[in-house]
Structures are given as structure tokens and as C-alpha cells.
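Below, read A as the first sequence line, B as the second, and so on, with proteins coming before strands; counting in each chain starts at 1. What you see is a predicted model; the values in this text were computed from it and never measured.
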Amino acid sequence: MAKTEPLPGTSDIFPDETAKWQFIEEAVRTTFQRYGYGELRTPIFERTEVFLKSIGDETDIVQKEMYTFEDRGGRSLTLRPEGTASVMRALANGGIPQGEERKVFYIGPMFRGERPAAGRKRQFHQAGVENVGKIAPHIDVECIAMLDDFIKNLGISKTRMLVNSRGVLTERPQIAEKLHEYFSSYKHLMDEDNLRRLDTNVWRILDSKDEKFQEVILNAPRIDELLSDESRDYFKKVCEGLDVLGIDYEIDPRLVRGLDYYEHTVFELQFDGIGAQNALAGGGRYLIQPPGIKKPLPGVGFACGMERLMIALDELGVSYGEEPGTDAYLVSLGEEALKVNLKLAHQLRGEGLKVQMDLENRGMKAQLRTANKLNAKKCYILGDSELDQGIIVLKNMEDSTQTEIKIEDLLNKG
RNA sequence: GUGAGUGUAGCUCAGUUGGUUAGAGCGUCUGAUUGUGGCUCAGAAGGUCGCCGGUUCGAAACCGGUCACCCACCCCA
């Protein structure tokens, strides 16, 4: 049994579950296309450097979570741990004319070598969008609105939209310095994790869960007060835009997010009840310089964890729509009847019906039981006596009524 | 990477202080109805008790190891 199981943190998705996936994928396509976004499909692996610079050398993703390997030519390749870096690489390759924007969305598997837990897999799936090429507060607003719209279209409620600003790349070192200065005097109160973050990523201390440290964090310099006037103004416009749209959000000065490429607006959509995880989607504005490109490209986007969406949908009891079902089941008694039914099945399928039939000459009862199990709406029953008369019995499985139809009227109609 | 919990039939799970032939419900198949489903009833099939080793007259149970799942920490979608 163990040998047939998929690798830890991966899973097989069987047909009965595929309906859920398709439900979500459908919502992804219809929602994002309404905003003028087109689907971009990039390879599942890339040269490792594509991820290194954009995601950030110091992030956990790069440091310990990437599936990196060498190909036969000795090149370092990596299974994509997230979507944005690949999208930027692809867009840069396609060429973005000066001053134009590109709007794309993607759906697909991502890979991170973490310890699996509820709502966290090694191969997981994300649906995301990227608006690349331009910088304007209202682009960020539309992006957040699109996420809000998407979640509502799925029927997910009880979420929280958190937003914050991290300022622009050039002012970040100064902010980090202020934070470092402040936190350095509380080293004696810090746990292991925070001590490590002090040197690797001070920002992250802000969203530490260490209870004993909360008071220190509350009194820390607020990012919004350290921002430049320009950044503060940008963020103000984003908030005003969200107000205009009536989108429910909270400003969370402690929201920093993990990836290095973010600047200005960052946001996260939270939902309680995905085990210990609460992020359903996250994103923000960024500046990324794909390898081989001279100027970094600005963009804004988000990614949504599809497995987590599914957990939320289950939690809320949202239904995914019906399983495909069966329009007709063909019951054959004897070899001759089976041959006729093979033709009939082919014809009915050609007319667009969902048709199944018994192919092994079982008893009538067994065939009808199967038809019932498949929830077939109708059964066509064909045996010797029907063959003699040139008819077939059509049985309505809901009210058990039967009618006779001439075989020649059914077949060769066209 | 660290820590906890779990592993018995296709599925969900019982299984007494270690004691004959390892159970139930659901599902599957067959029959009651020689060619008519669902409901009911009767019956059947289905298990290396995760794997390896140890203790014991005797292990699904106890001990050690190992693998897997799962949850939490970390981090994130």
C-alpha cells in the first residue's frame, strides 16, 4: 500500500474531486477575463537564477524550500516555487513596449519543499494575476478589487482583506535600519526566531506570533510613519480607491509579507479555518528584474492557493455543482442485442448524450442495478423478443414507465 | 529541519490485563424475482493487522527500529 502512495505533500486528484477543481478554474477564467486578463502558461521549471534575484536570496523560499536540481548539461534548474518570477521572465522575453501594460493570469502547480500540514503541500496549486508595466495606485486598487470579486464569485465569505504599504525599494533600507535600531534594544526578550530575523529580515519581526513579544511590537515605529511623503500619498490613494469601491479592508501596519520584491502596496486575504494557516491569497506591487533585462519591470498581482480555496469552500458548505451524471444506460440481453446497442450508443453519444452500457453480457438485474447506481435517467432495454419485433424498450428510471420504440426509427436517422 | 498523534477489509472504524478461526457499519457481488433498478431479507467475496526485528508457550496488542499519513512549530498560497 505504501508503495502506491504519492510522495509526501503531493496527491492524486481523482475524478470525483476534479469537479471541485474545475469549478474553481472556471471562476478563475471568467472573473479574470472580465478585467481583460489573458491566460499565460509558463514552464513548470526554470533556470534557478530566475527565482534567486526576484524572490530574494534571504527568503525562506530560496534558502530552504526550492526543488533545485542539475540537468544533464550541468545547468541548475528549479521547479517553480511561485508564479510571479516566471511570468516576469516570460513577459520580458516577449518584450513589453515602453509605456504599455500586460495583464495576464495563470493557474498551475507550484513546488516548495516544506513539511506538509493542513493547507500546505509540496506540490500545491495557485491561480494568480499580474498587471505588468505601469505604476499607478488605481491599478493596485483594481487588482485588489479583482481578488475580492473572485472570492465572492466562488461564494466564499468570512474573509478579511489586509492591506499595507512597504514603501519603495530605495527607502526600505532606512526603514529597516530604524526597525533594527528599535528591536536591538529588546534582544533579551526575543525568542530564537526573532533573534534570527533581527539580522536576516527585520520586517518579519513585525508579524511574529511570539506572545511575550507583542507589546514590544506594538510600540515599534510604525511603517506608515517612516514612509516618504510620496509613498504615503500613493498608499492613501490606494485606500481611497478601495473606499470608492466599497471594498471591506483593514490597514494592517504589521503586514509585511515574505518576498523581497514587494514595494508599495501589499495585501493578504485571510480566512480562519485552514488548519494553522490563514492566508487564502496574497500579493502586492513589486519591481522585478528578470535575468538579462536592463531595467526592472514594475507590476502588481496576487496568488491564490487553490487547495486553501477548496478547504474554505468545504468549511462554508458551498456546493460545487452536480457531477456529470448519465443520460442513458443501454441494457443488452444476448450477443445480438449487444451489437445493436453498440451502434445505438455511438449514435446517442454523437447526439451529445452521456451514454453508458453493459459490455459483458451480464444478467438484466445486474445491468439495471448499475444503471441505477449511475443515476441514469433512462434505460434502453434490448433482448431477443424485442429484436424479433424490431423494437426496443425505453424505460424511464424516475417513474418506471416503459414505452416501445422501433429500432429503425432510432438508428440511421441521418 | 524540530516535536506530537495515527497506521486493522475498497471506505469509516471497533478489537478487553497478550490467549482458539481478527470484527462491525457502509460499499461490492449473488440470490429471493428463469427478462426489470431503488426498499427489504438471506448469503458470499474481500485482511501478509504499514514493514523489519525482539520479548513470549502464544503478539493486531508489549519493546526497538523503520516507512507512511497527519497535525503543530517555522514559513507561506
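The pairing partner recorded for B/rC69 is B/rG5, the criterion being a Watson-Crick or G-U wobble arrangement whose two distances lie under 3.5 angstrom. Across all strands shown, B/rG43 forms a Watson-Crick or G-U wobble pair, both distances under 3.5 Å, with B/rC29. When both distances must be under 3.5 Å, the Watson-Crick or G-U wobble mate of B/rC49 does not exist. For B/rA22, there is no paired base (Watson-Crick or G-U wobble, both distances below 3.5 Å).
With P as the reference atom, B/rG43 and B/rU36 are 24 Å apart, rounded to whole Å. To the nearest whole angstrom, the two C1' atoms, one in B/rU48 and one in B/rG5, are 26 Å apart. Distance check on atom P: B/rG38 versus B/rA32 gives 13 Å, rounded to whole Å. Across the C1' atoms, B/rC70 and B/rC26 are found 24 Å apart, a figure rounded to whole Å. Using P as the reference atom, B/rC67 and B/rU28 are 38 Å apart when rounded to the nearest Å.
Following rounding to the nearest Å, A/Gln277 (CD) and B/rC71 (P) show an atom-to-atom distance of 9 Å. Counting to the nearest Å, the C1' atom of B/rA77 and the CZ atom of A/Arg122 are 16 Å from each other. Atom pair A/Asp384:CG and B/rU34:C1' shows a separation of 13 Å (rounding to whole Å applied). With rounding to whole Å, A/Leu154 atom CG is found 14 Å from B/rA77 atom C1'. When the P atom of B/rG38 is taken as reference, atom CG of A/Asn396 falls 16 Å away, rounded to whole Å. Nucleotide B/rA77 holds its P atom 20 Å from the CZ atom of A/Phe105, rounded to whole Å. The distance between atom CG of A/Leu374 and atom C1' of B/rG38, rounded to the nearest whole Å, is 13 Å. Atom pair A/Ile311:CD1 and B/rC76:P shows a separation of 18 Å (rounding to whole Å applied).
Base contact: A/Pro116 has a heavy atom under 4.0 Å from a base atom. Across all strands shown, A/Glu307 has no heavy atoms under 4.0 Å from either base or sugar-phosphate atoms. Residue contacts for A/Ala371: at a heavy-atom cut-off of 4.0 Å it reaches no nucleic acid atom on any strand shown. Residue contacts shown for A/Ile381 include a base, since a base heavy atom lies under 4.0 Å away. Using a 4.0 Å heavy-atom criterion, one finds that A/Gln270 contacts no nucleic acid atom at all. Among the heavy atoms of the strands lying under 4.0 Å from A/Gly275 are primed sugar atoms or P, OP1, OP2 only; no base atom is included. Base contact: A/Arg115 has a heavy atom under 4.0 Å from a base atom. A/Leu7 comes within 4.0 angstrom of sugar-phosphate atoms only, judged by non-hydrogen atoms across all strands, and of no base. Looking at heavy-atom distances under 4.0 Å, A/Lys121 makes contact with a base.
Along RNA chain B, the nucleotide nearest to A/Asn278 and the one nearest to A/Thr370 differ in position, and the one closer to the 5' end is contacted by A/Thr370. Residue whose closest nucleotide on RNA chain B sits further toward the 5' end, between A/Ser385 and A/Arg204: A/Ser385.
Here the CG-CZ distance, from A/Leu226 to A/Arg166, works out to 13.5 Å after rounding to the nearest 0.5 Å.
Aromatic ring orientation, A/Tyr234 versus A/His264: parallel (interplanar angle below 30°, classes split at 30° and 60°).
Using modelled atom types and a 3.5 Å distance limit, the side chains of A/Tyr329 and A/Asn372 yield no donor-acceptor pair.
Nearest to the side chain of A/Arg308, among B/rU36, B/rU30, B/rA77, sits B/rA77. Ranking B/rU36, B/rC71, B/rA68 by closeness to the A/Met364 side chain, first place goes to B/rU36. Looking at the side chain of A/Lys373, the nearest of the listed nucleotides B/rC29, B/rC70, B/rG35 is B/rC29. Listed nucleotides: B/rG35, B/rG38, B/rC29. Nearest to the side chain of A/Leu333: B/rG35.
For the pair A/Lys395 and B/rG38, the criterion of a side-chain N or O lying under 4.0 Å from OP1 or OP2 is not met. OP1 or OP2 of B/rG38 lies within a sub-4.0 Å distance of a side-chain N or O belonging to A/Arg369.
One N or O donor and one acceptor, one from the side chain of A/Glu114 and one from the base of B/rA77, sit under 3.5 Å apart. The base of B/rU36 is not paired with the side chain of A/Lys365 by any donor and acceptor separated by under 3.5 Å. Counting atom types as modelled, A/Gln367 pairs no side-chain N or O with a base atom of B/rU36 as donor and acceptor under 3.5 Å. For a distance-only test at 3.5 Å, the side chain of A/Glu398 fails to qualify as a donor-acceptor partner of the base of B/rG38.
Using a 4.0 Å cut-off between charged nitrogen and carboxylate oxygen, A/Glu263 and A/Arg172 do not count as a salt-bridge pair.
Shortest non-hydrogen contact noted between A/Gln126 and A/Glu82 is OE1-CA, 4.2 Å.
Applying side-chain contact (heavy atoms from CB on, under 4.5 Å) to A/Leu344 and the options A/Leu330, A/Val355, A/Leu382, A/Ile407 leaves one that passes, A/Leu330.
A donor-acceptor distance shorter than 3.5 angstrom exists from the side chain of A/Lys103 to the backbone of A/Tyr35, with no hydrogens or angles considered.
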